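Structure first, commentary second.
These numbers were taken from a predicted model, which means no experiment stands behind them. All residue numbers in this chain count up from 1 along the given sequence.
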Amino acid sequence: MEKLYQVLCYGNQYLRIDVGKPTFFAHGVEVKAKVNKETGEVTLFISQEDLKKLG
C-alpha cells in the first residue's frame, strides 16, 4: 500500500525545484513523496502537470 505526502524542506515551505519563473506565491514545481507503507521505501516525484513546467 502506498500513500502520498508533501515534503517540507524549511519551516513550512514545501520542497520545490526552481524553474526560474517566479509567481505571486512561490516559484518552482513541488516535489512530492510516495511512501510504500509495507517496505518504507520513499519515492520522490513531480506530478505530470508540473512536469510540463520544467520544459
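A distance of 11.5 Å separates CD in Gln13 from CD in Gln6, rounded to the nearest 0.5 Å. The CG atom of Asp50 sits 10.0 Å away from the CZ atom of Phe45 when rounded to the nearest 0.5 Å. Here the CD-OG1 distance, from Glu2 to Thr39, works out to 8.0 Å after rounding to the nearest 0.5 Å. Distance CE/Met1 to NZ/Lys37: 5.5 Å, rounded to 0.5 Å.
Within 6.0 Å of CD on Glu49 lie no more than 12 heavy atoms contributed by other residues, nucleotides or ligands. Summarising the local packing, OH of Tyr5 is surrounded by more than 12 heavy atoms from other residues, nucleotides or ligands at distances under 6.0 Å.
For the side chain to side chain contact (heavy atoms under 4.5 Å, CB included) criterion with Leu15, the lone passing option out of Leu8, Val7, Val29 is Val7.
Criterion: ILVMFWY side-chain heavy atoms under 4.5 Å apart, direct or through other members. Under it, Tyr14 and Leu44 are not part of a common hydrophobic cluster.
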